[in-house]
Amino acid sequence: MNDARVAPWMSGKFVAKLRSSTISRNPVLFAVDYKTGHGVDSSYLQLYNDYADTFAFAFWQLGHLKFKLKK
């Protein structure tokens, strides 16, 4: 949202294109960080949190035992 190089709706258009290009019933997740953009430095903590989110999602989707949803 705070990116001077890319209009805010471009990310939404990208997600819409992903959704229309797949036959999967799985949702397309779209994470938004309102505090950053091109050229805005993120802290290392935020960078590590982003990596953690990415790996946790990947492990969950791949069926890793420690990342299964509890019922």
Could you tell me which residues satisfy side chain to side chain contact (heavy atoms under 4.5 Å, CB included) with Leu69, sequence neighbours excluded, listed by chain and number? Trp60

Minimum-distance pair of heavy atoms, taken over all atoms of Ser11 and Phe30: CB-CZ, 3.3 Å

Once rounded to the nearest 0.5 Å, what's the spacing between atom CZ of Phe57 and atom CG of Asp53? 11.0 Å

Please report, to 0.1 Å, the donor-acceptor pairs under 3.5 Å made by any side chain of residues 14-29, with sequence neighbours excluded.
from, atom 1, to, atom 2, distance (Å)
Ser20, OG, Ala16, O, 3.4
Ser20, OG, Lys17, O, 3.1
Ser21, OG, Lys17, O, 2.7
Thr22, OG1, Ser24, N, 3.0
Ser24, OG, Asn26, N, 3.0
Ser24, OG, Asn26, ND2, 3.4

Could you pull out all residues at least two apart from Phe59 that satisfy ring pair (Phe, Tyr, Trp, His ring centres under 6.0 Å)? His64, Phe67

Any link between Tyr51 and Leu45 through a network of hydrophobic side chains (Ile, Leu, Val, Met, Phe, Trp, Tyr) touching at under 4.5 Å? no

